[in-house]
Amino acid sequence: MANQGQSADRGLEGLTAAAKSAANVEGAKKGLPPVHLWNPPFCGDLDIRIASDGTWFYLGTPIGRPALVRLFSTVLKREGDKYFLVTPVEKVGIRVDDAPFMAVEMQKDGEGRHRVLRFRTNVDDWVTCDAEHRLRFEQAKDGGLTPYLHVRADLWAKVTRALYYDLVDMGEERMVDGQSMFGVESSGEFFAMADAEQVRAAR
């Protein structure tokens, strides 16, 4: 794909064809390709970058075809701190500035301990926030918090700032391991954002 002697364009075309082939095979099962089962040879890096806002770039230019971005997202794999696009026969490295996905829409069913939150990613996957798809909150550079949602297999979606404010609005204080924490509940799980005292002081 991205071996020496091959052009980058040919590499992208080859990757697209291989990803489509993998998707067609798995399409009958109505599931994502089993990238965790594939261990093809590493074919080098391809100049694809996922920016912090979820935009995919190829050779510095945004990929303007949502269907192509969606296709590539189905064969995305993380190994340690590195990201790869993987098919049964090829594996190429790409760059990810922050998280590979963005959570851009949220649906809420129920309240309190009966609340269930579902998030839509920028590639149109719907993820129910629960014990297997957790929310985590990291300190942002501006002093606030940035939420991330676990999508699958160590791949995370950064939650948009607007949805973060929605999460804060439905937040509550609870005791977690003897400490008062501020957080939000979904699917019977409580996801702590920060120390409750610090949250009260900031308000």
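Keep in mind that the numbers below use all heavy atoms, side chains included, and drop hydrogens, waters and symmetry copies.
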Suppose the criterion is ring-ring contact (aromatic ring centres under 6.0 Å, His included): which pairs have a residue in residues 154-178, not counting sequence neighbours? His150-Trp156
Less than 4.5 Å apart, any side-chain heavy atom of Phe191 and any of Cys129? yes
Should Val184 and Leu135 count as side-chain neighbours, where that means a heavy-atom distance under 4.5 Å? yes
For the atom pair CH2 (Trp56) and CG (Leu68), what is the distance rounded to the nearest 0.5 Å? 8.5 Å
Within this structure, what is the CG-CG distance for the pair Leu71 and Leu15, rounded to the nearest 0.5 Å? 8.0 Å
Looking only at heavy atoms, what is the nearest atom pair of Leu167 and Met193, with distance? O-CE, 3.6 Å
Please report the interatomic distance CZ(Phe72) to CZ(Arg65), rounded to the nearest 0.5 Å. 8.0 Å
Check whether Val104 and Val168 end up in the same hydrophobic cluster, where Ile, Leu, Val, Met, Phe, Trp and Tyr are linked by side-chain heavy atoms less than 4.5 Å apart. no
Can you get from Met170 to Phe190 by hopping between Ile, Leu, Val, Met, Phe, Trp and Tyr side chains that sit under 4.5 Å apart? no
Under 6.0 Å from the ring centre and within 45 degrees of the ring axis: does the NZ or CZ of Lys77 meet both conditions for the six-membered ring of Phe84? no
Taking Arg95 first and then Asp47, would you say they form a salt bridge - that is, a charged N and a carboxylate O separated by under 4.0 Å? yes
Taking all non-hydrogen atoms of both residues into account, name the closest pair between Thr74 and Pro33 and its distance. O-CD, 3.7 Å
Between Lys91 and Glu79, does the side chain to side chain contact (heavy atoms under 4.5 Å, CB included) criterion hold? Intermediate values first, please. CA-CA 12 Å; Lys91 173 181 175 181; Glu79 296 178 0; 2.9 Å; yes
Determine yes or no for a side-chain-to-main-chain donor-acceptor pair under 3.5 angstrom, with Arg78 supplying the side chain and Gly80 the backbone. yes
Heavy-atom pair of closest approach, residues Pro40 and Trp38: CD-C, 3.4 Å
Do you know the tightest heavy-atom contact between Arg161 and Ala140? NH2-CB, 4.4 Å
How about Asp53 and Thr55: does a side-chain donor come under 3.5 Å of a side-chain acceptor? yes
His133 versus Val151, closest heavy-atom pair with distance: CD2-O, 3.1 Å
Measuring from Ile94:CD1 to Leu85:CG, what's the distance to the nearest 0.5 Å? 4.5 Å
Within 6.0 angstrom of Glu132 CD, more than 12 heavy atoms from elsewhere: no
Side-chain donor/acceptor of Ser187 to backbone N/O of Glu189, under 3.5 Å: no
Donor-acceptor check, side chain of Ser73 to backbone of Arg70, threshold 3.5 angstrom: yes or no? yes
Check whether Leu59 and Ile63 end up in the same hydrophobic cluster, where Ile, Leu, Val, Met, Phe, Trp and Tyr are linked by side-chain heavy atoms less than 4.5 Å apart. yes
Any chance you could measure Leu149, atom CG, to Phe101, atom CZ, to the nearest 0.5 Å? 11.0 Å
In terms of hydrophobic clusters joined by side-chain contacts under 4.5 Å, are Phe57 and Val75 together? no
Under 4.5 Å between side-chain heavy atoms, hopping through other hydrophobics if needed: is there a path connecting Phe42 to Val86? yes
Mark yes or no for whether Ser186, through its side chain, and Leu117, through its backbone, hold a donor-acceptor pair below 3.5 Å. yes
With a 3.5 Å distance limit and no angle check, can you tell me whether Asn122 reaches the backbone of Met102 through a side-chain donor-acceptor pair? yes
Testing the basics here: between Pro41 and Val89, what is the closest heavy-atom pair and its distance to 0.1 Å? CD-O, 3.9 Å
Provide the full list of salt bridge (charged side-chain N to carboxylate O under 4.0 Å, His left out) pairs with a residue in residues 98-107, sequence neighbours left out, each pair given once. Asp98-Lys158, Glu105-Arg120
Starting at OG1 of Thr160, measure out to CZ of Phe119 and round the result to the nearest 0.5 Å. 9.0 Å
Considering only distance and modelled atom types, tabulate donor-acceptor pairs under 3.5 Å from the side chains of residues 109-116, sequence neighbours left out.
residue: Glu111; atom: OE2; partner: Lys108; partner atom: NZ; Å: 2.9
residue: Arg115; atom: NH1; partner: Glu185; partner atom: O; Å: 3.1

